[in-house]
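What follows is a short report on a single structure.
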Amino acid sequence: MNQASIHKYLATESKKTIANDVEALFEQRLATNLTLIKDLFFSLYPEKDHKKSFVKLLRTLPILFEQRPSPLKLLDIQRINEGNWYQSEQLVGMQLYVDHFNKDLKGLEKKLGYFEKLGVNFIHLMPITPRPQGENDGGYAVNSYYEVDPRFGSTEDLLDLTQKMRDKNMYLMLDFVANHTSNEYVWAEKAMAGDPKYQNYYHIYPDRTLPDEFEKTLPEIFPMTSPGNFTFNTEMKKWVMTVFNQYQWDLNYSNPEVFIEMLGNLIKLANLGVDVVRLDALAFMWKKLGTVSQNLPEAHALISLFRMCLQIIAPGVIFLAEAIVAPKEIIKYFGSGTMKGNECEIAYNATLMALLWDAIATKKAVLLYKNIHSLPEKPKETTWINYIRCHDDIGLGFEDHHIHEIGWNAKSHRKFLLDYYCQKIDWSPAKGHMFMYNPKTGDGRITGSAASLLGLEKALEQENQSKIEQAIAKIIMMHGIILSYGGVPLIYAGDEIGALNDYSYLEDHDKKEDSRWVNRPHQDWDTIAQIDAQKNHHSQIFYSLQHLIRLRKQHPAFADRNNIILYEAHNPHYLIYERPMGKNNGVLVVCNFDEVPQAIYENTLGSYGSKSNPTDLISGEKITFPNGTLRLMPYQMLWLGKTK
Ligand code: GLC
């Protein structure tokens, strides 16, 4: 039972008299979380030196609660009562850049009907906060945490949008770039002007002694464009820690003032009507000499501390962990040990994402099985964001020992994947690009749109109809997996119509070094205007996804209750998992990753064999088993339901 479940219990079960009293419920949540907050705070900021800061935090919490708009306070109570609303099969997400989608926030509002048509009701807007002119990492260098950059519109526009979205039962996710600010953020400017208070808000050093010590163990995130982890600032004549880009200054959370001020920023962001806060780069939030300064226990304590405070002030708002790290580390962002279930409610399923791309390239799901089997079950109050593409690159974040255990050489396997996706192998259908290749280590990541990586761009160039169809089948199957695997499916805008790579970034001085822009296309409204009239690959993909989304929402088995069971397929090309529910309401998902038809024995399907007279929910057809086998076409996917 996590803290949220306790709040639900207390709010709804025990003291019915205060059920609608927002103030009393605030006091109750404060009392319930206080000891945890105290323990977490003093674990990071030892009591003997930081008692005053703790008292300041305690004084701040009611002030922040005061700032929360009344309608959102009421919504919070509704959310508490609903419980784990984010695990519902009704949620289907889309991620987009506001300016690339339809110009600005007003333009986006005009397209709410488009989301409804597809079935999307959860939207992740990429950063809309003010940022430096020129390079700004797509807005991940922030000049403010809660203002709207005029290029996207105004705060009014955002409030308008969030109100409209709430009216339509749609959810909004925005970023909280908690690890760093831009070098133009007000604190950075004060630090540069020589204010020691604000120099202590960042990791700033007078000479290279400590930076050199740090560099011995810190990896490089952008080795090609931003090598090293420190930048010399000519105004201060000091070194600033800049783990990402040189214009992104890492915040110093070992200073409790930073935590308290950032909590204020977080609440101001939440008060705009945000339902899910994406905690950007949260694995990096605590730095310690002699370590890689990622996934440190202190970072987990810090995130839990944010969580426990946010839960008191705005309990309807939850956290998504943007931790694109090793599989066994990702799961820890749900909270572990005494904080199990009390850190982030949602995390990106980067493990599944990377393994799906592995399965496409190898045409086998064996590495996927190996990895997923090795992971512990996540806490029951949590869920995944399942996705195949996003604005970032694809990192091959799975572990070497799993590759070895299935009899492959890890180094050559990783090289094969980079070659396959980045146009180094003639026969490969993929048209991806290498991102941040590090010749020292041989590590690299992959960029490219889903459709281009899955072969559509090349097949269209070659005007090869059968390859076009195969690419479409892959696009649909990959989305079918994220729609049926437990969690919130997040479709990347453009993928629903098979958007190809966008090479226009090569013309832009501020973007051309960052090939992630190849997979940040502009929404093609001309094409979308034609999808009803024309039968082509765009309409085929769009309507297939729309159909799958409808089916997802009709089957409660797709809600995430940790109800997923991987079946051993005895054929390496197959991926099979069940989403069980009661005796007859479960769904068995069966996918063929091979480019030729493949068969498996009926008994591989457990209770979904001929005895249960199964139907494929997708096609609506009864399944037959010639010679006791099930045969799937290349990249075919079935969602089997038992006929009752
Ligand atoms: C996250 C974002 C990425 C950005 C980085 C630094 O990983 O997804 O786009 O570059 O954080 O903010």
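Side-chain atoms are counted along with the backbone in the values below, which use heavy atoms only and exclude waters and symmetry mates. Atoms within each ligand, like the ligands themselves, are counted from 1 in listed order.
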Listed pairs under 3.5 Å, donor-acceptor, residues 276-285 side chains, sequence neighbours left out:
from : atom 1 : to   : atom 2 : distance (Å)
R278 : NE     : Y348 : OH     : 2.8
R278 : NH1    : Y140 : OH     : 3.1
R278 : NH1    : D175 : OD1    : 2.5
R278 : NH1    : D280 : OD1    : 3.0

Name each N or O atom in ligand 1 that is under 3.5 Å from a protein N or O, and give the partner atom and the distance.
from     : atom 1 : to   : atom 2 : distance (Å)
ligand 1 : 7 (O)  : E322 : OE1    : 3.2
ligand 1 : 7 (O)  : E322 : OE2    : 2.9
ligand 1 : 8 (O)  : R278 : NH2    : 3.0
ligand 1 : 8 (O)  : H391 : NE2    : 2.8
ligand 1 : 8 (O)  : D392 : OD2    : 2.4
ligand 1 : 9 (O)  : H391 : NE2    : 3.0
ligand 1 : 9 (O)  : D392 : OD1    : 2.8
ligand 1 : 9 (O)  : D392 : OD2    : 3.4
ligand 1 : 9 (O)  : R516 : NH1    : 3.2
ligand 1 : 10 (O) : D137 : OD1    : 3.1
ligand 1 : 10 (O) : D137 : OD2    : 2.6
ligand 1 : 10 (O) : R516 : NH1    : 3.1
ligand 1 : 11 (O) : D280 : OD1    : 2.9
ligand 1 : 11 (O) : D280 : OD2    : 3.1
ligand 1 : 12 (O) : H180 : NE2    : 2.9
ligand 1 : 12 (O) : D280 : OD2    : 2.9

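Using modelled atom types and a 3.5 Å distance limit, the side chains of N349 and N386 yield a donor-acceptor pair.
A donor-acceptor distance shorter than 3.5 angstrom exists from the side chain of Q199 to the backbone of A191, with no hydrogens or angles considered.
Between Y503 and H433, a ring centre-to-centre spacing shorter than 6.0 Å is recorded.
With sequence neighbours left out, F115 forms a ring-ring contact (aromatic ring centres under 6.0 Å, His included) with F101. Looking at residues two or more places apart in sequence or on another chain, you find a side chain to side chain contact (heavy atoms under 4.5 Å, CB included) between E235 and M192, N233.
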